[in-house]
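One-based numbering, in listed order, for ligands and for the atoms of each. Every heavy atom of this structure was used, including side-chain atoms; hydrogens, water molecules and symmetry mates were not.
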Amino acid sequence: MTDRTLIADLAPLPDGPVAVAGWVETVRDQKKVQFVVLRDESGAVQLVRPRPEGDDEVSSAISGLALGSFVRVAGALKHDERVKLGGIEVKVESLDVVAASLPEQPIAADSSIDKRLDHRFLDLRNPVNALIFKVQTTFEHALRTWWVQHGYIEIHTPKLMNSPSESRAELFQVPYFETTAYLAQSPQHFKQMAQAAGFGKVFEIADAFRADPSFTARHATEFTSVDAEISWIDSHEDVMAMHEAVLVAGFEAVREAHGEEVERLLGVTVEVPSTPFPRIPLARAKEIVAERGYTVPRADADMDPEGERRISDFVREEFGHDFVFLTDYATSIRPFYHRRHDDDPALTNSYDLIYRGTEISTGAQREHRIDVLLDQVRDKGLDPAELDDYLEFFRYGVPPHGGFGMGLARVLMLMLGRSSIRETTYLFRGPNRLRP
Ligand code: AMO
C-alpha cells in the first residue's frame with residue numbers, strides 16, 4: 001500500500017513531515033507561490049509551494065498539472081488558522097504524477113444528469129455525490145444489522161427464473177440454452193419459499209429487473225430491492241410494524257454517522273421518523289385528496305403520483321409525518337398472491353408505503369392456503385400450470401406469512417432531497433441507458 005495519510009486524518013497531527021495522495025482539484029499557479037487543492041476519498045487539503053527563482057522540477061510539475069491527475073506528495077504539514085480549507089496546509093517538497101489526466105474535464109458539477117452519467121466515475125469524485133453512497137452503505141448495514149439481531153436469515157435468490165415473478169408485464173427474457181429465462185422482477189416466489197422451508201424470517205437486498213419503458217425520476221430497469229418476509233403473522237399490520245422498525249434503525253444510523261455532513265453538503269436534515277407511521281386505507285386516502293380538490297383518475301386504480309403527493313401533504317399537515325401506509329388495496333389492483341379480507345374479498349391485506357409523496361414499498365399478507373390460492377390464480381385469469389413451481393410450495397403446509405419489497409434508490413432519493421433515482425443509483429439502468 002502507498003504510504004500516505006488520509007487527508008481527513010491530517011488535522012490532529014502535529015506540524016511536520018507527511019505524505020498524501022489524491023487527485024488535483026484546482027491549481028493556482030502564481031508568480032511567487034503555487035497552490036493546489038488535493039482531494040482523496042476522505043477530504044481536501046491545500047498544497048502550497050513558494051516558487052523558487054527560476055523554476056525547479058517541482059514548480060514545473062505543478063505548473064504542468066492537468067486537473068484530475070492523481071499525484072503523490074511529500075511535504076510538511078502546517079497548521080494555520082488563516083487557511084480556509086480546514087486550517088491546515090501541506091508545504092510541498094516532492095510531487096510525483098502517478099497518473100496524469102487528459103487536460104479537459106468532460107463534465108462540471110452543473111452538467112446535465114445524462115452527461116454526468118456518461119462520465120459517472122468523474123461525477124462520483126464530487127464529494128456531494130460520493131456522500132450518497134456512504135449514506136447508502138450505512139443505511140443498508142443498519143437494516144441488515146437490525147434483521148440479524150432479530151433472528152432473520154439472509155437469503156440470495158436466483159435472478160434467472162423459468163416463470164415471471166410478478167406479472168407478464170415488464171418482463172425481460174433472455175435466451176437460456178434451449179429455452180428462455182426471465183430476469184427476476186422481485187424475489188417474491190423465493191422469499192415465500194423460505195416460509196415453506198421453515199426459515200421463519202428472511203431478508204434479501206439484491207437486484208431486480210423490470211422491462212419498464214418509463215422515463216420517470218423513480219423508475220429504472222434494474223434496481224436494488226430490499227425485501228423481507230416473515231411467518232406467523234396475523235395480518236399485514238405485523239409486516240408494517242416490522243417495516244417501520246427497521247426503517248427507523250436505518251434512519252437513526254444515517255443521522256448519527258452522516259447527519260452533519262448531509263446537512264453541510266446536501267442542505268438536508270436527516271429526520272428519523274416516529275412510530276407508528278400513520279395508516280390510512282386507500283379508499284379513505286382517495287376521499288381525502290378528493291376533498292382537497294384532486295380526483296384520482298380512476299376509482300378502481302392505484303393512487304397516481306399526484307395523489308401520492310397530495311396525501312403526503314395531508315399527512316404532513318395533519319400528523320407532522322413524512323411517511324404514510326396506505327392500506328387495504330382493492331383486490332382488482334393487487335397480485336393474485338395477496339391475502340383477501342375474510343369479510344370482504346374485494347379488499348386485500350396489503351399496503352403501499354409513501355414517503356414524502358412517492359411510493360417506496362409494497363407489502364402484504366400472502367394467501368397461504370393452497371385451495372384459496374388456486375382460486376385466486378384462476379380469478380386473475382392466470383394459468384396454474386405456469387405457476388406450478390410456486391404453487392408447489394403451498395401443497396405441504398405453509399404458515400401465515402407476509403412481507404414487503406422496497407426500492408433502495410427511492411428511499412435515498414427522498415431522504416437526501418435528490419430529484420431522481422439516477423443520482424442515488426451507482427450506475428443507473430433505464431430504457432436508454434445501458435452504459436457505462
Ligand atoms: P412492487 O412491484 O410494488 O412490489 O415493488 C416494490 C418496490 O420496488 C421499487 N420498484 C422500483 N424501483 C425502481 N424502478 C422500478 N422500475 C421499480 N419497480 C418497483 C419501488 C416499489 O415500491 N413483490 C412485491 C413486494 C412485496 O409484496 O413483497 C413487489 O415487487 O420502491
Side chain to side chain, E229 and H401, heavy atoms closer than 4.5 Å: yes
Tell me the contacting part of [X] for ligand 1: side chain, backbone, both, or neither, using a 4.0 Å heavy-atom threshold, strictly below.
X: F223; answer: side chain
X: F209; answer: neither
X: R410; answer: side chain
X: H189; answer: neither
X: S361; answer: backbone

Closest protein heavy atom (residue, atom, distance) for atom 31 (O) of ligand 1: I360 O, 2.8 Å
Nearest-contact summary for atom 15 (C) of ligand 1 - protein heavy atom, Å: A220 O, 3.5 Å
If you measure from [atom1] on [X] to [atom2] on [Y], what distance do you get to the nearest 0.5 Å?
X: R292; Y: E287; atom1: CZ; atom2: CD; answer: 14.0 Å
X: T331; Y: D379; atom1: OG1; atom2: CG; answer: 8.0 Å
X: M242; Y: D238; atom1: CE; atom2: CG; answer: 9.5 Å
X: T180; Y: L160; atom1: OG1; atom2: CG; answer: 12.0 Å

Per atom 5 (O) of ligand 1, closest listed option by heavy atom (Q188, R210, K191): R210
Option with minimal heavy-atom separation from atom 4 (O) of ligand 1, where the choices are V226, T362, D352: T362
Option among Q195, R339, H236, K191 that satisfies the side chain to side chain contact (heavy atoms under 4.5 Å, CB included) test with R366: K191
[X] touching ligand 1 at heavy-atom level, < 4.0 angstrom:
X: R218; value: yes
X: Y337; value: yes
X: S225; value: no
X: R366; value: yes

Min N/O separation [X] to ligand 1 under 3.5 Å:
X: M406; answer: no
X: E359; answer: yes
X: G405; answer: yes
X: G407; answer: yes

ring-ring contact (aromatic ring centres under 6.0 Å, His included) between F251 and Y355, intermediate numbers included: CA-CA 13 Å; F251 276 72; Y355 173 34; 5.7 Å; yes
Within 45° cone and under 6.0 Å: R433 NZ/CZ vs F428 ring: no
Anything under 30° is parallel, anything over 60° is perpendicular, the rest tilted; go ahead and classify [X] against [Y].
X: W146; Y: H150; answer: parallel
X: Y152; Y: W147; answer: tilted
X: H243; Y: Y351; answer: tilted

Ligand-side contact atoms (ligand 1) for residue partner S186, heavy atom cut-off under 4.0 Å: 23 (N), 30 (O)
Contact atoms of ligand 1, heavy-atom distance to E166 under 4.0 Å: 23 (N), 24 (C), 29 (C), 30 (O)
ring-ring contact (aromatic ring centres under 6.0 Å, His included) evaluation trace for F336 with Y390: CA-CA 12 Å; F336 74 89; Y390 172 80; 5.7 Å; yes
